[in-house]
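Worksheet: one structure, shown below.
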Amino acid sequence: MAGDPRLPSVDQSDGLEARLASVRGSVADAARAAGRSVDELTLVVVTKYHPASLVRELAALGVTDVGENRHQEAQAKAAELADLGLTWHFIGQLQSKKARQARRYADVVQSLDRASVVDAFAPTEAEPDPRVLDGFVQVNLTDDPGRGGVAPEGVDALVERVLATGTLRLRGVMAVAPLDGEPRAAFARLRAISDRVRSIEPGATDISAGMSGDHAEAVAEGATHLRIGTAITGKRPDAP
């Protein structure tokens, strides 16, 4: 999210509790404006590069869902904080060779974006009955093939592949709004793709969309999961 001109400035003088309360209030306002209940929304706090101690503080403030972008960092934090009973969402691009390791700590993988990653979660001779995870198919809403996510025209085939694994419970779709476009229009496209996915798998009703600067637009277009980082956690530390 670095460099996103839509991100609001974060008052570093505010404490973590105040920032979290502010975001929760903003989400509730967005839900009311959209004629929805805030109970329909899951707030996933993204804690990339922040220490495990901050995640522990968030848990004490009632946060239950945490998102991580980097496998090694997520693995270490989940192990250190196993006593908290958090739901861990992996939201970064995942290498196929790391997928089986991610299954050991992640509860949700929001970045299923290509066949090789999906196939890596399938049963193997060495692990014939693996743990079942919730999964989101990540959609690329830009014209840049280098961005994470499957192209919209490839979604149906990837959804079928996810369903065939037997080890991924398809929850829905996920996307990041393009930086150079209007967020609500992008999320409207994602909502239409979600409708298409539900025609294949009726239970895949969730939409993960919206970050610190565009969560209101995402809520207006039916998002069920919001991935919010700096507006809650404050300035992200430098990469270790």
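The analysis underlying the following values was restricted to heavy atoms, covering all of them including side chains, and did not include hydrogens, waters or symmetry mates. Owing to the predicted nature of the structure, the values given are computational and were not obtained by experimental measurement.
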Before you tell me yes or no, could you show the steps for R161 and T165 under side chain to side chain donor-acceptor pair (under 3.5 Å), namely the whole-Å CA-CA distance, both residues' side-chain angles and the distance that decides it to 0.1 Å? CA-CA 7 Å; R161 204 168 189 116; T165 65; over 6 Å; no

Using atom types as modelled and distance alone, determine if a side-chain donor or acceptor of E182 lies under 3.5 Å from a backbone N or O of A185. yes

Can you get from F121 to V150 by hopping between Ile, Leu, Val, Met, Phe, Trp and Tyr side chains that sit under 4.5 Å apart? yes

Taking the side chain from E73 and the backbone from Y49, do they hold a donor-acceptor pair closer than 3.5 Å? yes

What is the distance from atom OG1 of T42 to atom CG of L226, rounded to the nearest 0.5 Å? 8.5 Å

Any donor-acceptor N/O pair, T224 side chain to I207 backbone, under 3.5 Å: yes

Using modelled atom types and a 3.5 Å cut-off, is there a donor and acceptor pairing between side-chain atoms of Q101 and backbone atoms of K98? no

Please name the pair of heavy atoms, one in G92 and one in S111, separated by the smallest distance, quoted to 0.1 Å. O-OG, 2.5 Å

For L141 and V176, what are the C-alpha separation, side-chain angles and deciding distance, and is it a side chain to side chain contact (heavy atoms under 4.5 Å, CB included)? CA-CA 7 Å; L141 297 177; V176 178; over 6 Å; no

Note: D83-R56 ion pair, threshold 4.0 Å (strictly below): yes

Applying a strict under-4.5 Å side-chain criterion to I, L, V, M, F, W and Y, I'd like to know whether L58 and V108 cluster together. no

Should the heavy atoms of other residues, nucleotides or ligands under 6.0 Å from CD of E127 be counted, would the total exceed 12? yes

Of the non-hydrogen atoms in G210 and A218, which two are nearest, and what is the gap between them? CA-CB, 3.6 Å

A59 and L86: which non-hydrogen atoms are nearest, and at how many Å? CB-CD2, 4.1 Å

Could you give me the CA-CA distance, side-chain angles and deciding distance for R131 and D107, then say whether side chain to side chain contact (heavy atoms under 4.5 Å, CB included) is met? CA-CA 9 Å; R131 178 174 173 235; D107 302 290; 2.7 Å; yes

Residues R227, H89; criterion side chain to side chain contact (heavy atoms under 4.5 Å, CB included); working and verdict: CA-CA 10 Å; R227 309 179 309 276; H89 297 248; over 6 Å; no

If you measure from the Lys or Arg side-chain nitrogens to the Asp or Glu carboxylate oxygens, is any gap between D113 and R147 under 4.0 Å? no

How long is the span from the CD1 atom in I228 to the OG atom in S26, to the nearest 0.5 Å? 7.0 Å

Taking C-beta and beyond as the side chain, do Q75 and F90 meet within less than 4.5 Å on heavy atoms? no

A223 and A209 have their tightest heavy-atom pair at CB-O, 3.7 Å

Could you give me the CA-CA distance, side-chain angles and deciding distance for V162 and V118, then say whether side chain to side chain contact (heavy atoms under 4.5 Å, CB included) is met? CA-CA 6 Å; V162 170; V118 171; 3.7 Å; yes

Output for pair (K48 NZ, I91 CD1), nearest 0.5 Å, gives 8.5 Å

Distance in Å, L190 CG paired with S194 OG, rounded so as to fall on 0.5 Å steps: 6.5 Å

From E17 atom CD to E57 atom CD, the distance as rounded to the nearest 0.5 Å: 10.0 Å

Only one of L54, V63, V55 forms a side-chain contact (heavy atoms from CB on, under 4.5 Å) with V45, so which one is it? V63

How about H215 and F187: are their ring centres within less than 6.0 Å of each other? no

Could you check if a side-chain atom of M211 sits within less than 4.5 angstrom of a side-chain atom of V46, using non-hydrogen atoms only? no

Flag if over 12 foreign heavy atoms under 6.0 Å of CG, D144: yes

How close do A204 and R198 get, counting heavy atoms only, and between which atoms? O-CG, 3.2 Å

I'd like to know if the side chain of D119 and the backbone of S116 have a donor-acceptor N/O pair within less than 3.5 Å. no

Please find the pair of heavy atoms, one from E68 and one from K77, that lie closest to each other, and give the distance. OE2-NZ, 2.8 Å

Starting at CD1 of I232, measure out to CG of L16 and round the result to the nearest 0.5 Å. 8.0 Å

Tell me whether V197 shares a hydrophobic cluster with L158, the cluster being built from Ile, Leu, Val, Met, Phe, Trp, Tyr side chains joined at under 4.5 Å. yes

L112 with V132, same ILVMFWY side-chain cluster at under 4.5 Å: no

Grouping I, L, V, M, F, W and Y whenever their side-chain heavy atoms are under 4.5 Å apart, do V159 and V139 come out in a common cluster? yes

